[in-house]
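Heads up, the thing below is written out as structure tokens.
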Protein chains: 2
Amino acid sequence: MNTLQLTSTDRATLMRSRFFARLPQSTFEDVLNSASVSACEERDVLFRQDEDVDDVFFVLSGLVRLCRMGKDGREADVALFSEGEMLAETAMFLRQRATASAVAAKKSVIARLNGGKLQHLAATDHEVAQALIEHLCYRGKMTEDLLAEDRLLTATQRVANFILSHCPKDSTSFRLPFQKNILAGKLGLAPEALSRAFSTLRQSGVTVRGRLIEIHDRHALERF
Amino acid sequence: MNTLQLTSTDRATLMRSRFFARLPQSTFEDVLNSASVSACEERDVLFRQDEDVDDVFFVLSGLVRLCRMGKDGREADVALFSEGEMLAETAMFLRQRATASAVAAKKSVIARLNGGKLQHLAATDHEVAQALIEHLCYRGKMTEDLLAEDRLLTATQRVANFILSHCPKDSTSFRLPFQKNILAGKLGLAPEALSRAFSTLRQSGVTVRGRLIEIHDRHALERF
DNA sequence: CGCCGAGTTGAGAACTCTCAAATACAGTGG
DNA sequence: CCACTGTATTTGAGAGTTCTCAACTCGGCG
């Protein structure tokens, strides 16, 4: 997990992101001044549950898993952040310890923005506050979506859903953006259950070869 | 669902609430000017999934269930709001249709705040924006808590948790604030499963008579 | 006294998990 | 390009949990 310089690609990623895209250049520079960048290997920990977290993290590339652990050592993912997404605002604004751990789910580059700085900006700059509000609404909806899926759908239905929502409308195939392992976590399934769901879907026109998913009959998936 | 006047008790409830407590009186009055109040019976619908929602709702008394429905007619609760809580900000800020329905879970009094007004305030008044940010963080955490519980705990553990977190630290008993039915929904369980969980807990020192819960051995519950 | 809604209990079905074994793959060093 | 090693993924079998449906209890009410 060593320190890097912010490349111009990184800057571009930040500026394209949901959060920064709507902010003026000057605010953006202002935030960046107190930011640091680091390279993480898979399994590197950004912060741990119950720790104090003073920074806000931003995924420049790679993937970060947010997971909670139960007392018996089991753990459950509650969110997955990929390139261009921001995490860990909640702890800061609620002045609480982290309620989950953040772990790189693959080789990643992470920007660490100064929390105090951001908090100050949120309190004084309308645009920042606005962007934050939207970001939080978005995040809330994501989590709610996951909860509703867990409660309403079977494993196979959740997987069908995922495929439908990740395959471009004008295409019949796409590549999984991460290991099946990780997907299982995101969907709240044991890896074996994911595997079985895929093989059920095979029988209704889904081909899975490695990370390549092909859909032969979109309509069959929607029926699930 | 007929229109009421805002009583002084209602005003007090609003001012005590997480959201309004930190705002100055004048802002508070400003919001109230464009608010209306209505009395709801159990099962009255505040808004339905996929509808446009332009207002923000506030529970003055009673209980509101936020639920999503699956295509097969099943439905899952994703949140439960009681006295002093606010709902439906997300749709407004994301400019989306509602992703869930809101239904009174018992006789309730609901304030309906003008969404445009609130949105305007959020964009111009730092205090309002700040309050909103905290509110959203809080809500996000609640949802995340639910998701994590669903994924990490068994039915019995979730119920034990609920009991522990609702029984005052200095007491050995408390009353459920709503029907078991509703509790089952909140915990993501079928009513039968909740019932069975209670009877499992009975064997480790929990007495349930109607809505009265007594804990004889707090420690036994924590062990679950 | 019979009805009704809430809650409980029983039984079997449906899902998902866990553990173990078999494969498939990817990266490494020849 | 190949063998080798460690990590993913798949599959099988059995166990565990929760759901569904149906019957039954309980307390309140007309």
Quiz item: Parallel, tilted or perpendicular: which fits the ring planes of His135(A) and Phe19(A), with parallel below 30° and perpendicular above 60°?
Solution: perpendicular
Quiz item: For Glu222(A) and Lys71(B), which heavy atoms make the closest approach, and how far apart are they?
Solution: O-NZ, 3.5 Å
Quiz prompt | Interatomic distance where CZ belongs to Phe178(A) and C1' belongs to dT9(D) [whole Å] | solution = 16 Å
Quiz item: Roughly how many Å is it from CD in Glu192(A) to C1' in dA8(D), rounded to a whole number?
Solution: 11 Å
Self-check item: Test of ring centre spacing under 6.0 Å for Phe81(B) and Phe57(B)
Solution: no
Quiz prompt | Nearest listed nucleotide, side chain of Thr154(A), among dT16(C), dT17(D), dT20(D) | solution = dT16(C)
Exercise. Working to the nearest 0.5 Å, report the span between OG1 of Thr207(A) and CD1 of Ile215(A).
Key: 10.0 Å
Quiz item: Looking at the rings of Phe20(A) and Phe58(A), which for Trp means the six-membered one, are their centres under 6.0 Å apart?
Solution: yes
Self-check item: Integer-rounded Å distance: dA14(C) P and Gln157(A) CD
Solution: 15 Å
Exercise. Nearest whole angstrom, please: distance from the P of dT7(D) to the CG of Asn181(A).
Key: 12 Å
Quiz item: Does the dG10(C) base have a donor-acceptor partner in the side chain of Arg196(B) within less than 3.5 Å?
Solution: yes
Practice problem: Nearest whole angstrom, please: distance from the C1' of dT10(D) to the CG of Leu201(A). | Solution: 15 Å
Quiz item: For the residue pair Leu46(A) and Arg112(A), what are the closest heavy atoms and their distance?
Solution: O-NH2, 4.1 Å
Quiz item: Looking at dT11(D), dT18(C), dT20(D), which one has an atom nearest to any side-chain atom of Ala190(B)?
Solution: dT20(D)
Quiz item: Charged N to carboxylate O below 4.0 Å: is that the case for Asp77(A) and Arg65(A)?
Solution: yes
Self-check item: Euclidean distance, atom CZ of residue Arg209(A) to atom C1' of dT23(C) [Å, nearest integer]
Solution: 17 Å
Quiz item: Rounded to the Å, how far apart are Lys180(A) NZ and dT23(C) C1'?
Solution: 13 Å
Quiz item: To the nearest angstrom, how far is Ile182(B) atom CD1 from dG5(C) atom P?
Solution: 16 Å
Exercise. Looking only at side-chain atoms of Ala155(B), point me to the closest of dC17(C), dT18(D), dT11(D).
Key: dT18(D)
Quiz item: Which part of the nucleic acid, if any, lies within reach of Gln179(A) when heavy atoms closer than 4.0 Å are counted: base, sugar-phosphate only, or nothing?
Solution: sugar-phosphate
Quiz prompt | Bend angle of the helix from dC1(C)-dG30(D) to dG30(C)-dC1(D), from helix axes over five pairs at each end, nearest 10° | solution = 30°
Quiz item: For dT18(C), does OP1 or OP2 lie under 4.0 Å from any side-chain N or O of Arg74(A)?
Solution: yes
